[in-house]
Student: 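Below you'll find the structure I mean.
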Amino acid sequence: MQPRDDGPRVNEKIDVARVLLIDGEGEKRGEVSIAEALALAEEAGLDLVEVSPTARPPVCKLLDYGKYKYQAQKKANEARKKQKVIDIKEIKMRPNIDTHDYDVKMRAMQRFFGDGDKVKVTLRFRGREMAHPELGRALLERVKSDIEDIAKVEMQPKMEGRQMLMVLAPR
């Protein structure tokens, strides 16, 4: 099984004749042969790491490769921690919802927007309610107007079978 080759080339894996060398203190040493660079790395007890393979000549740096990989891993983990995953929360209603129930659903929606989540409003029609989709559309328009200062409509209300859907996203 071939080991995975991720990350920069190190030491003997660098297969070019000359490199632009940066030493352990960050000082530019200039263009040197690969053999000389490897000798300097051995002398300093460090690794020769190719930091910019696309440059002409490639830029290599003398550093502790294990420490370099550890720092890169820590940085990647930190970036992953700061990422916000946007959830889609669902609020289900019926066309003839009572005012108090409507207010409770609106408060929940405002809390979801405060957390940075999207909200999918699902309006379910049953039985004879199917004959009056305009009531459902009017309710979704009311939701839209009540929430317009903190959210924007991402998907306009549309009918899908026995339910009407609308997606809202925080501003």
Side-chain angles (χ1 to χ4, degrees), residues 1-10 13-14 22 24-26 46-55 58-171:
M1 190 167 103
Q2 187 76 12
R4 243 180 52 220
D5 194 28
D6 54 349
R9 295 188 292 183
V10 184
K13 288 199 172 59
I14 302 170
I22 299 170
E25 286 80 47
L46 297 169
D47 298 305
L48 183 67
V49 180
E50 190 177 42
V51 289
S52 180
T54 55
V59 179
C60 292
K61 194 171 187 177
L62 297 179
L63 47 86
D64 183 352
Y65 185 61
K67 193 174 178 182
Y68 173 77
K69 272 181 66 173
Y70 174 73
Q71 294 292 345
Q73 184 66 40
K74 255 176 68 172
K75 204 179 288 181
N77 286 345
E78 202 59 39
R80 202 172 307 119
K81 250 186 238 172
K82 287 188 170 80
Q83 246 178 15
K84 168 69 175 121
V85 177
I86 295 176
D87 291 332
I88 296 185
K89 304 287 188 176
E90 187 173 17
I91 296 282
K92 292 184 178 180
M93 295 184 182
R94 297 280 308 280
N96 53 354
I97 189 168
D98 191 50
T99 54
H100 179 261
D101 295 334
Y102 176 81
D103 294 339
V104 170
K105 302 274 186 187
M106 293 307 286
R107 277 198 301 276
M109 245 187 265
Q110 288 171 344
R111 192 177 69 242
F112 294 151
F113 291 132
D115 295 342
D117 296 325
K118 291 182 180 182
V119 175
K120 177 167 114 180
V121 183
T122 305
L123 201 59
R124 197 165 184 98
F125 293 94
R126 287 168 56 187
R128 292 187 184 155
E129 294 171 344
M130 283 299 291
H132 301 286
E134 68 278 358
L135 294 176
R137 195 165 297 280
L139 179 64
L140 289 181
E141 289 300 324
R142 180 175 162 207
V143 168
K144 201 188 313 183
S145 67
D146 287 352
I147 213 93
E148 69 186 347
D149 55 325
I150 59 169
K152 60 183 179 285
V153 177
E154 198 166 85
M155 188 182 90
Q156 292 296 333
K158 75 172 187 189
M159 201 68 184
E160 282 186 7
R162 290 192 156 272
Q163 49 191 16
M164 195 176 280
L165 304 173
M166 176 171 74
V167 179
L168 303 163
R171 283 199 187 275

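Source: prediction; values computed, not measured.
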Student: Could you check if a side-chain atom of E50 sits within less than 4.5 angstrom of a side-chain atom of V59, using non-hydrogen atoms only?
Tutor: no
Student: Going from CG on D146 to CG on D103, what distance comes out if it is rounded to the nearest 0.5 angstrom?
Tutor: 8.5 Å
Student: Just how far is it from atom CZ of R126 to atom CG of N96, taken to the nearest 0.5 Å?
Tutor: 10.0 Å
Student: With rounding to the nearest 0.5 Å, note down the distance linking CD1 in I97 to CG in L139.
Tutor: 6.5 Å
Student: Begin from the C-alpha positions of L48 and L62 and carry the test side-chain contact (heavy atoms from CB on, under 4.5 Å) through to its verdict.
Tutor: CA-CA 5 Å; L48 183 67; L62 297 179; 3.8 Å; yes
Student: Decide yes or no for V119 and I88: does some side-chain heavy atom of the first lie under 4.5 Å from some side-chain heavy atom of the second?
Tutor: no
Student: Could you check whether R142 makes a cation-pi contact with Y102, meaning its NZ or CZ is under 6.0 Å from the centre of the six-membered ring and within 45° of the ring axis?
Tutor: yes
Student: Any side-chain heavy atom of L46 sitting closer than 4.5 Å to one from Y65?
Tutor: no
Student: Could you pull out the closest heavy-atom pair between I14 and C60, with the gap in Å?
Tutor: CD1-SG, 3.8 Å
Student: For a 4.5 angstrom cut-off between non-hydrogen side-chain atoms, does M109 reach V121?
Tutor: yes
Student: Does R171 use its side chain to pair, donor to acceptor, with the backbone of E148 at less than 3.5 Å?
Tutor: yes
Student: Donor-acceptor check, side chain of K152 to backbone of P170, threshold 3.5 angstrom: yes or no?
Tutor: yes
Student: Can D47 and Y68 be counted as having a side-chain donor-acceptor contact under 3.5 angstrom?
Tutor: no
Student: Does a sphere of radius 6.0 Å around CZ in R128 hold more than 12 heavy atoms from other residues, nucleotides or ligands, not counting ones at 6.0 Å or beyond?
Tutor: no
Student: Would you check if L168 and M166 make a side-chain contact, meaning some heavy-atom pair closer than 4.5 Å?
Tutor: yes
Student: Under the criterion side-chain contact (heavy atoms from CB on, under 4.5 Å), I'd like the reasoning laid out for R162 against M130: C-alpha separation, chi angles, the key distance, then a yes or no.
Tutor: CA-CA 7 Å; R162 290 192 156 272; M130 283 299 291; 3.1 Å; yes
Student: Indicate yes or no: at least one non-hydrogen side-chain atom of R137 is less than 4.5 angstrom from one of M164.
Tutor: yes
Student: Locate the shortest heavy-atom distance separating H132 from F125; write the atom from each residue and the value.
Tutor: O-CE2, 4.0 Å
Student: Over all heavy atoms of both residues, which pair between E160 and K158 is shortest? Give the atoms and the distance, please.
Tutor: OE2-CE, 3.0 Å
Student: Between M93 and K105, which heavy-atom pair has the shortest distance, and what is it?
Tutor: CE-CB, 3.8 Å
Student: For P95 and L123, work out which heavy atoms get closest and say how close.
Tutor: N-CD1, 4.0 Å
Student: Hey, does L165 have a side-chain heavy atom less than 4.5 Å from the side chain of K120?
Tutor: yes
Student: Using side-chain contact (heavy atoms from CB on, under 4.5 Å), reason through D87 and K118 one step at a time and then give a plain yes or no.
Tutor: CA-CA 6 Å; D87 291 332; K118 291 182 180 182; over 6 Å; no
Student: Assess whether side-chain hydrogen bond (donor to acceptor under 3.5 Å, both in side chains) is satisfied between Q163 and T122, documenting all intermediate values.
Tutor: CA-CA 7 Å; Q163 49 191 16; T122 305; 5.2 Å; no
Student: To the nearest 0.5 angstrom, please state how far the CD atom of E78 sits from the NZ atom of K81.
Tutor: 5.0 Å
Student: Ignoring hydrogens and geometry, is there a side-chain-to-backbone donor-acceptor pair from D115 to D117 under 3.5 Å?
Tutor: no
Student: Could you grab the distance from atom OG1 of T99 to atom CE of M106, nearest 0.5 Å is fine?
Tutor: 13.0 Å
Student: Starting at CZ of F112, measure out to CZ of R107 and round the result to the nearest 0.5 Å.
Tutor: 12.5 Å
Student: Show the numbers, then the answer: is there a side-chain contact (heavy atoms from CB on, under 4.5 Å) between L63 and V49?
Tutor: CA-CA 7 Å; L63 47 86; V49 180; 3.5 Å; yes
Student: For residues Q156 and K144, is any side-chain donor paired with an opposing acceptor at under 3.5 Å?
Tutor: yes
